[in-house]
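Here is the structure we will look at, set down as structure tokens.
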Amino acid sequence: MRTDELDFQLPAELIAQEPASPRPASRLLHYRRDDRSITHRHFRDLPDILRTGDLLVFNNARVTPARFYLLKPTGGRFEGLFLSQREPRIWSVLLKNVGPWSTQMRYTFDTPSSDPVEVRIVSQGEEGQFTLRVETDEEAIAFLDRIGRMPLPPYIRRDKFKDDRDETDRDRYQTVYAQTPGSVAAPTAGLHFDASVLDGLAERGIERADLTLHVGIGTFKPVSADTLDAHTMHVERYSLDGECCERINRAKRDGRRVIAVGTTSARVLESQPEGALSPRDDETGIFIYPPYRWKHVDGLITNFHLPRSTLIALVAGLIGLDEQRRLYAEAIAQRYRFFSYGDSSFLE
């Protein structure tokens with residue numbers, strides 16, 4: 001399949017810069033594969049659209065406020081993005097505009113604290129990756145929870161070093177059910193849920209199960225190869241526990257539908273062998289695009305994605321390329337809001 005088949009023209013004003021308020025006020029495009037129908041709803045209508053007995057599978061990953069700034073000895077600032085903590089005081093990060101550096105240079109985090117934390121660059125890897133030594137015994141995620149900014153994707157525009165919306169983003173670029181820290185991007189399909197929607201689902205007899213996939217920076221990487229089969233997919237770690245597996249296996253035995261909340265949940269489920277699911281902690285580099293035979297997922301709740309992305313390829317893998325293109329053309333014509341803070345779709 002050619003990558004340019006995933007192209008489309010999107011008016012810039014349809015790229016959402018702010019989330020809907022309240023969360024379930026976002027719009028919901030409901031697509032049915034059996035009759036190719038499209039209905040325009042709101043996300044708060046989801047409990048009325050789903051069937052009693054459906055099982056929703058959520059990704060409970062928690063986003064780390066992974067963006068930070070370092071001060072040079074000269075007073076200049078440059079940006080970093082935390083990726084992982086490999087061992088105490090050793091971080092793997094992305095750095096931008098670091099300039100000439102040496103292992104002897106000392107930097108500090110740009111924070112209001114009167115007790116600055118010192119940083120050294122240990123080594124440089126590929127594609128802007130660096131290893132840092134951070135002179136604090138505090139765990140990286142706890143430290144960044146105090147001083148970091150949310151790692152919003154670049155198409156959401158914010159002032160460079162500080163923005164009046166930073167605290168709002170800390171709340172809204174996080175699902176209400178987030179539990180397991182470690183992601184550097186939100187599983188955005190879940191941003192539309194709030195307590196009222198979750199309660200409405202439970203009242204309708206719609207079940208839920210939770211897994212964890214830590215969303216990595218590769219989720220924003222476009223497909224640069226001319227064909228999809230030439231693209232190297234990014235790898236992300238996930239955890240699938242016994243309770244989640246049992247709920248999914250029971251739903252499948254009963255003939256009930258398994259609905260993935262987001263492409264991350266879908267990728268975890270489709271990374272499993274056919275048949276009953278078993279608990280595992282692993283990583284997945286699965287790349288789903290047409291034609292694809294689905295093993296575990298019967299439906300998908302997802303936002304509207306970037307052209308040439310692995311995410312839009314997954315949507316095409318579920319409903320077919322022609323239908324994906326028709327659905328996105330309709331969403332643009334109806335002025336849906338796109339990408340992470342945008343509107344939602346339910347594909348069944």
Side-chain angles (χ1 to χ4, degrees), residues 58-72 77-96 98 101 103 105-125 127-153 161-162 166-188 190-191 210-220 234-241 264 268 279-284:
F58 294 85
N59 179 7
N60 67 9
R62 185 171 188 83
V63 182
T64 299
R67 183 179 295 171
F68 60 88
Y69 299 93
L70 294 175
L71 289 172
K72 299 179 181 182
R77 285 187 287 192
F78 60 97
E79 182 178 337
L81 182 74
F82 171 81
L83 299 178
S84 64
Q85 183 171 17
R86 302 203 322 235
E87 56 186 85
R89 299 191 175 208
I90 302 298
W91 294 12
S92 177
V93 303
L94 296 177
L95 296 179
K96 284 175 57 177
V98 61
W101 65 274
T103 57
M105 294 180 71
R106 299 292 191 268
Y107 308 95
T108 57
F109 284 95
D110 183 15
T111 71
S113 171
S114 58
D115 187 18
V117 174
E118 193 172 86
V119 177
R120 285 191 299 112
I121 298 176
V122 176
S123 63
Q124 181 175 1
E127 298 183 342
Q129 292 200 33
F130 290 79
T131 299
L132 301 183
R133 179 173 176 85
V134 180
E135 299 301 332
T136 177
D137 292 325
E138 190 173 10
E139 288 294 316
I141 288 176
F143 180 78
L144 290 166
D145 272 340
R146 292 194 295 104
I147 67 98
R149 296 177 75 186
M150 291 304 261
L152 299 179
F161 297 115
K162 182 177 175 56
D166 283 349
E167 284 305 310
T168 300
D169 289 328
R170 272 183 170 250
D171 174 52
R172 295 304 308 273
Y173 195 65
Q174 192 84 268
T175 65
V176 298
Y177 50 81
Q179 291 184 8
T180 309
S183 285
V184 297
T188 55
L191 296 180
D210 287 24
L211 52 78
T212 304
L213 179 136
H214 288 304
V215 188
I217 198 65
T219 192
F220 298 118
H234 59 283
V235 173
E236 295 166 317
R237 292 211 60 83
Y238 70 85
S239 178
L240 191 60
D241 67 19
T264 57
V268 172
R280 65 177 65 195
D281 294 311
D282 204 344
E283 56 185 26
T284 179

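Taking CD from Glu118 and OG1 from Thr108, the interatomic distance works out to 8.0 Å, rounded to the nearest 0.5 Å. We find the CG-CG distance between Leu240 and Asp210 to be 11.0 Å, quoted to the nearest 0.5 Å. Atom CZ of Arg146 sits about 14.0 Å away from atom CD1 of Ile141, to the nearest 0.5 Å. Note that OG1 of Thr168 and CE of Met150 are 11.5 Å apart. Values are rounded to the nearest 0.5 Å.
The shortest side-chain heavy-atom distance between Thr111 and Pro116 does not fall under the 4.5 Å cut-off. Counting heavy atoms from C-beta on, the side chains of Asn59 and Leu211 come closer than 4.5 Å. Put simply, the side chain of Ile147 does not reach to within 4.5 Å of the side chain of Val117, judged on heavy atoms.
Here the closest heavy-atom approach between residue His214 and residue Glu236 is recorded as O-CB, 3.6 Å. Pairing each heavy atom of Val63 with each of Gln174, the nearest pair is N-OE1, 2.6 Å. Scanning both residues, Arg172 and Leu191, for their nearest heavy atoms gives O-CD2, 3.5 Å. The two atoms that bring Leu132 and Val122 nearest to each other are C-CG2, 4.0 Å, heavy atoms only. Nearest approach of Thr103 to Arg106, heavy atoms of both residues: O-NH1, 3.7 Å. Pro65 and Pro151 get closest at one heavy-atom pair: CA-CD, 4.3 Å.
By the salt bridge (Lys or Arg N to Asp or Glu O under 4.0 Å) test, Arg149 is found to be paired with Asp166, residues two or more places apart in sequence or in another chain being considered. Applying the side chain to side chain donor-acceptor pair (under 3.5 Å) test to Asp169 and every residue at least two apart in sequence or in another chain returns Arg158, Tyr341. Under the side chain to side chain donor-acceptor pair (under 3.5 Å) criterion, Gln124 pairs with Trp101, sequence neighbours left out. Residues satisfying the salt bridge (Lys or Arg N to Asp or Glu O under 4.0 Å) test with Asp281, not counting sequence neighbours, are none. Taking the salt bridge (Lys or Arg N to Asp or Glu O under 4.0 Å) definition, one finds that Arg62 meets it with nothing, sequence neighbours left out. Remark: Glu139 pairs with no residue by the side chain to side chain donor-acceptor pair (under 3.5 Å) rule, at least two apart or across chains. Partners of Arg280 under the side chain to side chain contact (heavy atoms under 4.5 Å, CB included) rule, at least two apart in sequence or in another chain, are Tyr238, Gln272, Pro273, Asp282. Applying the ring pair (Phe, Tyr, Trp, His ring centres under 6.0 Å) criterion to Phe109, with sequence neighbours excluded, gives Phe68, Trp91, Phe143. The side chain to side chain donor-acceptor pair (under 3.5 Å) search around Arg89 returns Glu135, Asp137, not counting sequence neighbours. For Lys72, the side chain to side chain contact (heavy atoms under 4.5 Å, CB included) test picks out Thr74, Phe78, Tyr107, with sequence neighbours left out.
Side-chain contact annotation: Arg86 with Thr131, donor-acceptor N/O pair under 3.5 Å present.
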Could you walk me through whether Arg133 and Ile90 pass side chain to side chain contact (heavy atoms under 4.5 Å, CB included), step by step? CA-CA 5 Å; Arg133 179 173 176 85; Ile90 302 298; 4.1 Å; yes
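Of the possible polar contacts, none joining the Glu79 side chain to the Lys96 backbone as a donor-acceptor pair under 3.5 Å is found. At least one donor-acceptor pair closer than 3.5 Å links the side chain of Arg170 to the backbone N or O of Asp145.
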Using a 3.5 Å cut-off and no angle test, enumerate the donor-acceptor pairs between side-chain atoms of residues 175-187 and protein atoms at least two apart in sequence or in another chain.
residue, atom, partner, partner atom, Å
Thr175, OG1, Ala178, N, 3.1
Ser183, OG, Val215, N, 2.9

